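Input: a single structure, listed below in structure tokens.
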Amino acid sequence: KLATLCSEMQEAAPTAPSARWFELDWRFHQTIVDASGNERFINDFDLLMFECNYVFYRLPSTMLPAGHRDHPLLTTLVQGVVDSHRQIARLLDARDTNGIVDSMRLHLAGLGNRVHRDVVKDLLQRQP
């Protein structure tokens, strides 16, 4: 299921961030969360994804234009998400616990670094 979602994300990549892209990204994460069986995580997942999607794609100071195929940062971010998801899916399939943990940490750290970079950039641009 995860591999299929990754392929669909790759197909939707040229129009990201779009409603279809968000749906596929959400479903990828939802599949893993549901498989965890962790009721607390399952219950908190929707709120977490709403917040992440806002910060990563819709925060006015960092929002990237939807479907802008020539935007190099957007292309890099979208392809990075697809590649990261593919790696996580392969490691889950191989039952590589350490690899999964490392890949998930890298995936989340990369997104966190983008947020920190964008917030700092925004603050510096506001300073006289």
Side-chain angles (χ1 to χ4, degrees):
K1 187 173 183 178
L2 294 175
T4 300
L5 288 169
C6 289
S7 294
E8 291 177 25
M9 288 182 81
Q10 185 70 54
E11 291 172 16
T15 61
S18 62
R20 177 74 176 145
W21 173 261
F22 290 136
E23 175 194 351
L24 293 168
D25 186 45
W26 197 293
R27 284 176 43 205
F28 181 88
H29 290 272
Q30 184 74 57
T31 300
I32 294 172
V33 169
D34 288 346
S36 77
N38 182 324
E39 288 299 320
R40 182 174 181 192
F41 192 34
I42 291 168
N43 292 334
D44 293 342
F45 173 75
D46 284 345
L47 177 60
L48 176 66
M49 284 300 287
F50 277 122
E51 290 175 350
C52 288
N53 282 332
Y54 177 76
V55 170
F56 298 140
Y57 300 110
R58 302 198 184 276
L59 189 63
S61 62
T62 61
M63 186 169 56
L64 296 169
H68 189 56
R69 296 171 193 227
D70 297 326
H71 194 292
L73 177 57
L74 180 58
T75 300
T76 300
L77 288 171
V78 168
Q79 193 57 52
V81 169
V82 172
D83 292 345
S84 179
H85 285 183
R86 283 189 193 281
Q87 177 69 8
I88 291 166
R90 280 191 298 269
L91 292 165
L92 282 166
D93 191 45
R95 306 283 197 259
D96 181 347
T97 305
N98 291 332
I100 294 165
V101 170
D102 291 343
S103 285
M104 288 183 167
R105 282 187 176 147
L106 283 172
H107 181 54
L108 295 174
L111 296 173
N113 288 340
R114 176 183 166 223
V115 171
H116 291 134
R117 183 181 58 248
D118 289 347
V119 168
V120 169
K121 179 181 174 183
D122 185 56
L123 289 172
L124 290 173
Q125 288 175 345
R126 291 182 191 190
Q127 296 297 320

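Values in this document were obtained by computation on a predicted structure and should not be read as measured data. Numbers here are sequence positions counted from 1.
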If I compare all heavy atoms of [X] with all of [Y], which pair ends up nearest, and what's the gap?
{"X": "Ala3", "Y": "Ala89", "value": "N-CB, 4.5 Å"}
{"X": "Ser7", "Y": "Arg86", "value": "CA-NH2, 3.7 Å"}
{"X": "Cys6", "Y": "Val82", "value": "O-CG1, 4.1 Å"}

Single-linkage hydrophobic cluster Val101~Ile32, side-chain heavy atoms < 4.5 angstrom: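 No, no single cluster joins them.
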
For Arg20, salt bridge (Lys or Arg N to Asp or Glu O under 4.0 Å) partners two or more places apart: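 Checked Arg20 against salt bridge (Lys or Arg N to Asp or Glu O under 4.0 Å); matches are Glu8, Glu23.
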
Asp44: partners by side-chain hydrogen bond (donor to acceptor under 3.5 Å, both in side chains), with sequence neighbours left out: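 Expected list: none.
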
side-chain hydrogen bond (donor to acceptor under 3.5 Å, both in side chains) involving Ser103 - partner list, sequence neighbours excluded: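 With sequence neighbours excluded, Ser103 shows a side-chain hydrogen bond (donor to acceptor under 3.5 Å, both in side chains) to no residue whatsoever.
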
When rounded to the nearest 0.5 angstrom, what distance separates [atom1] in [X] from [atom2] in [Y]?
{"X": "Phe28", "Y": "Lys1", "atom1": "CZ", "atom2": "NZ", "answer": "11.5 Å"}
{"X": "Arg105", "Y": "Ile100", "atom1": "CZ", "atom2": "CD1", "answer": "12.5 Å"}
{"X": "Leu5", "Y": "His29", "atom1": "CG", "atom2": "NE2", "answer": "10.5 Å"}
{"X": "Arg90", "Y": "His85", "atom1": "CZ", "atom2": "NE2", "answer": "12.5 Å"}

Any Leu91 side-chain heavy atom under 4.5 Å of Asp102 side chain: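 SC-SC contact between Leu91 and Asp102 ruled out.
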
Contact check, side chains of Ile88 and Met104, non-hydrogen atoms, under 4.5 Å: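 When only atoms from C-beta onward are counted, Met104 and Ile88 do touch, with a gap below 4.5 Å.
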
Qualifying side-chain hydrogen bond (donor to acceptor under 3.5 Å, both in side chains) pairs with a residue from residues 31-42, counting only residues at least two apart or across chains: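 Found Gln30-Asp34.
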
